[in-house]
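Working notes, beginning with the structure itself.
This structure is a prediction, so every number in the text was calculated from the model and none was measured.
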Amino acid sequence: MPSSKSKKPARLSSKKRLLALHVDGIELTSLFCKPEKGCIVVETCEKRKFIEPLKVTTDELLTVETNGRPALSAEDIFGSGEKDVTASLETAPETEMTEEQSNESILLSILQSAPAKQFNYSVNIPSSLSHIVQLRNGYEKLKKSARRKKIYTDIKERLNTQITNDQFDYFLTKENCVFAFVCSTGIPLVNLYESIQTGMKKRFRLVSVLPDEVALSNLICFNYDPSDDDVLIIVHIGLQESKIIITKGGQITQIAPPIDDDANSPQILKTITGKILYEQSLGNIPDRYSVILTGKAIALDACPVFQQSLGITEVSYFTARPEIFRFPEEVQKTVSEFAVPLGSAVTMFFSDDEKIIPLSLIPEYIIRRQQVFKLAWHGYLLLLLIFLTPIWVNHQYANKSKTKANFAQRKVSLERSINELNWVEPKLDSLTIQTKLGKQKLELLESLSSGTHRWSYTLDKIIKAIHDAGDDLWLTEISTQGDGFQITGFSLYRNRAPRLAAQFPAASVENVIPIEIRGSMVYQFKIIVEKVAEDEKSFNPVVKIPTQSIKDESDKDIHGKIKKSSTLFETAIKSFNQKKFDEALATFEEIASRTGDTKYAVKSKCWIGKCYFSSGDYQEAIKILSTFIEENPQSDEKLSAMLFLGKAYTATNRNNDARTLFLSIVKQSPTSEIGLEASQLIATLR
């Protein structure tokens with residue numbers, strides 16, 4: 001596996017920020033980034049869903065052709081047409097759209113989040129819209145203009161169709177092989193951008209239209225800087241299609257036909273590994289090579305599958321070098337999913353680097369419009385400044401003179417008012433001191449009353465419990481233990497201790513020992529009371545606020561929050577049951593952030609951990625559920641949290657920790673549904 005070598009910072013080719021847009025089916029990825037001291041700083045990146053697939057200007061689908069061989073489908077080579085329902089990738093749940101939303105409004109909302117004068121933008125061309133032609137006819141001997149003309153003629157002959165000069169571009173490898181990329185259709189994302197111009201104050205400048213394969217090749221080559229003999233196979237698993245790109249020394253040597261199976265296909269990993277073995281059997285891949293995985297590979301846990309199927313260990317997910325890329329903390333784990341737009345950013349910011357393939361398919365009409373717009377803008381601005389400067393200066397002078405007169409008049413009026421209110425200052429100081437003293441007394445009273453009321457309530461509860469359990473009880477000691485207390489004493493009958501424990505919401509009889517005192521048999525017992533009252537509010541006296549209007553307003557606010565939280569909680573549970581885990585996670589996190597509603601906030605923290613587990617992020621689930629159990633030992637959700645934590649341990653091969661949790665659940669609640677499920681899970685552990 002090639003290592004990411006440290007070297008001096010590369011020279012940046014552009015200093016303007018970039019918005020890189022990437023479309024995969026109906027999934028739109030946007031990446032905002034900027035250059036800074038020889039590296040790319042990713043400010044934000046996110047994924048959204050279009051309402052419908054973007055339309056192209058022709059119904060003809062283009063395929064990949066290399067070395068004169070036809071583009072074979074996955075079914076033709078590997079027979080992957082049948083679906084195996086035992087494995088699939090859980091895709092992110094679609095956001096519920098309103099009737100006003102459309103593809104145009106989604107793209108417009110992204111563009112409006114960034115000022116156009118500070119950002120350029122780039123788009124990608126999916127494999128389904130491009131045709132890749134590999135040519136070997138001694139083009140290296142021709143001059144640049146003659147070479148392009150010759151390649152243009154050969155492409156038209158090979159494809160047997162008419163294309164314009166801006167519908168293709170190419171690059172020449174070190175082995176003098178030409179890879180030409182043709183896009184004879186309109187570019188859907190560019191067309192969509194053009195359709196929303198009326199909703200924008202200023203146009204973004206389009207700086208790159210790059211095929212997915214070139215963006216991925218530039219990213220991997222620049223990030224890993226492989227040696228001349230290193231053979232890297234780039235495998236990008238997309239939502240609707242996947243790609244295999246073979247490189248040697250950072251140069252593309254072969255681009256396999258795209259795989260049309262979507263990421264949900266249970267056979268997608270077998271199909272890709274089979275195609276790699278197929279290319280190896282054709283001699284396109286040597287015996288020693290490495291595989292870099294991007295796209296949905298992490299979500300599919302593809303690395304171990306590739307290692308086993310290909311019989312190699314040099315398979316890894318894409319990892320960005322920290323000296324070249326900086327990401328927000330929440331993107332670190334999923335950076336490989338943004339490989340294509342990140343490759344577009346590398347192509348723009350480091351276009352002068354010799355490793356970068358300088359290729360772009362920007363339509364000619366956009367290039368002409370951007371050049372004309374730039375020149376016209378400077379000319380009109382200069383004329384406008386010359387014309388408006390005298391008018392603006394005179395207007396500002398008149399306004400400032402008027403403002404000065406107004407301020408002078410207000411100053412005189414304020415000075416008069418201040419002199420009339422001088423008596424207020426000592427009165428205000430006196431009230432401030434009295435308020436401070438009253439607040440200190442109130443805080444002292446509250447701290448004293450809280451502890452006193454707790455023990456008064458506890459002793460009263462104990463007396464009532466003894467009376468209800470039977471009068472033939474003698475207590476010898478009451479001592480605190482954690483949040484509860486411990487009772488020891490004697491009774492004439494064995495069943496009095498369990499009766500006494502039953503008077504409390506949470507109590508257990510630790511032991512009952514028969515002993516003989518003065519010739520009579522009595523029973524010495526010890527009871528641990530963990531919970532005296534169902535509600536902790538019973539320990540705290542209610543302090544009434546004198547101002548009734550403030551109390552009523554606060555009560556209404558709290559009641560409204562609780563009501564809204566309960567509605568949101570039900571909605572989140574419904575989304576979770578429908579396996580819309582990302583949607584449910586966002587709602588639970590919103591509820592958990594509300595400190596005014598403790599009940600639903602605590603419950604939501606547990607369900608956040610369940611969402612991460614159901615989404616496959618077991619490490620984050622372990623972290624959140626462990627914290628929840630530690631901070632909320634008395635919560636109704638505790639056993640459920642322990643069950644999901646045990647499942648997460650099992651998924652990460654921590655079977656001993658999982659067994660300990662399941663045994664604890666069975667011990668605490670052996671006959672409940674959670675206890676029965678824990679018993680079954682124990683039997684499956686090795």
Side-chain angles (χ1 to χ4, degrees), residues 86-90 293 297-308 313 315-317 319 329-330 332-334 336 481-484 506 508 510 528 530-531 572-573 576-577 579 581-582 584-586 588-589 591-592 600-686:
T86 59
S88 64
L89 171 67
E90 291 287 350
L293 303 176
I298 293 180
L300 291 172
D301 196 17
C303 192
V305 177
F306 275 68
Q307 289 173 341
Q308 182 178 2
T313 59
V315 180
S316 65
Y317 303 112
T319 304
E329 188 175 3
E330 63 271 15
Q332 293 288 347
K333 296 181 180 179
T334 59
S336 64
Q481 183 172 342
D483 294 334
S508 60
E510 186 169 314
I528 304 299
E530 300 174 355
K531 196 172 184 181
I573 294 294
F576 182 91
N577 292 334
K579 296 186 178 180
F581 301 120
D582 288 354
L585 176 61
F588 284 131
E589 287 179 339
I591 300 172
Y600 288 102
V602 171
K603 286 188 174 183
S604 295
K605 291 177 182 178
C606 175
W607 282 90
I608 289 171
K610 295 181 182 179
C611 288
Y612 277 112
F613 171 83
S614 301
S615 300
D617 192 350
Y618 302 123
Q619 296 298 337
E620 190 65 18
I622 290 172
K623 178 181 176 182
I624 292 175
L625 291 172
S626 299
T627 304
F628 174 83
I629 294 170
E630 181 180 351
E631 294 178 351
N632 304 278
Q634 303 300 327
S635 173
D636 295 336
E637 299 285 345
K638 177 184 175 182
L639 290 180
S640 178
M642 291 173 66
L643 183 66
F644 273 81
L645 179 58
K647 291 180 179 179
Y649 281 150
T650 304
T652 54
N653 296 321
R654 296 172 60 179
N655 291 341
N656 290 336
D657 294 335
R659 183 179 289 103
T660 301
L661 274 176
F662 293 149
L663 288 172
S664 178
I665 294 172
V666 173
K667 182 178 179 181
Q668 295 181 47
S669 182
T671 59
S672 65
E673 291 184 3
I674 295 177
L676 294 174
E677 185 177 354
S679 299
Q680 296 174 357
L681 291 172
I682 291 172
T684 63
L685 295 175
R686 295 181 179 178

Applying side-chain contact (heavy atoms from CB on, under 4.5 Å), run through E589 and I608 and close with a yes or a no. CA-CA 7 Å; E589 287 179 339; I608 289 171; 3.7 Å; yes
Step by step, work out the side-chain contact (heavy atoms from CB on, under 4.5 Å) result for T671 and L676. CA-CA 6 Å; T671 59; L676 294 174; 5.9 Å; no
Would E637 and N632 satisfy side-chain contact (heavy atoms from CB on, under 4.5 Å), going step by step from the backbone distance to the final call? CA-CA 9 Å; E637 299 285 345; N632 304 278; over 6 Å; no
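Atom NZ of residue K638 and atom SG of residue C606 lie 12.0 Å apart, to the nearest 0.5 angstrom. Distance check, rounded to the nearest 0.5 Å: CG of N656 to CG of L661 gives 11.5 Å. Note that CZ of F613 and CH2 of W607 are 12.5 Å apart. Values are rounded to the nearest 0.5 Å. The CZ atom of R659 sits 5.0 Å away from atom CG of L685, with the distance rounded to the nearest 0.5 Å.
The number of heavy atoms from other shown groups lying within 6.0 Å of CD (E330) is above 12. Environment of CD in Q668: crowded, with over 12 heavy atoms of neighbouring residues, nucleotides or ligands closer than 6.0 Å.
Taking the side chain as every heavy atom from C-beta outward, F662 and L643 approach each other to under 4.5 Å. With contacts defined as side-chain heavy-atom distances shorter than 4.5 Å, the pair I629/M642 qualifies. With a 4.5 Å cut-off on side-chain heavy atoms, K647 and L681 count as touching. With a 4.5 Å cut-off on side-chain heavy atoms, L293 and V315 count as touching.
When all heavy atoms of Y618 and T652 are compared, the closest pair comes out as CB-CG2, 3.7 Å. Listed here is the closest heavy atom pair of A572 and A584: O-CB, 3.5 Å. Closest approach of L639 to S669, counting heavy atoms only: CD1-CB, 3.7 Å. Taking each heavy atom of S640 and K610 in turn, the nearest pair found is OG-NZ, 2.5 Å. The minimum heavy-atom distance linking G675 with I665 is given by the pair CA-CG2, 4.0 Å. For the residue pair F588 and S604, the shortest heavy atom distance occurs at O-CB, 3.4 Å.
Residues satisfying the ring-ring contact (aromatic ring centres under 6.0 Å, His included) test with F306, not counting sequence neighbours, are none.
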Side chains of residues 620-628: which donor-acceptor partners sit under 3.5 Å, not counting sequence neighbours?
| unit_1 | atom_1 | unit_2 | atom_2 | d |
| --- | --- | --- | --- | --- |
| S626 | OG | I622 | O | 2.7 |
| T627 | OG1 | K623 | O | 2.9 |

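Note on ring orientation: taking the six-membered ring where Trp is involved, the planes of F576 and F644 are perpendicular (angle over 60°, cut-offs 30° and 60°).
Without hydrogens or angle criteria, Y317 side chain to C303 main chain gives a donor-acceptor distance under 3.5 Å.
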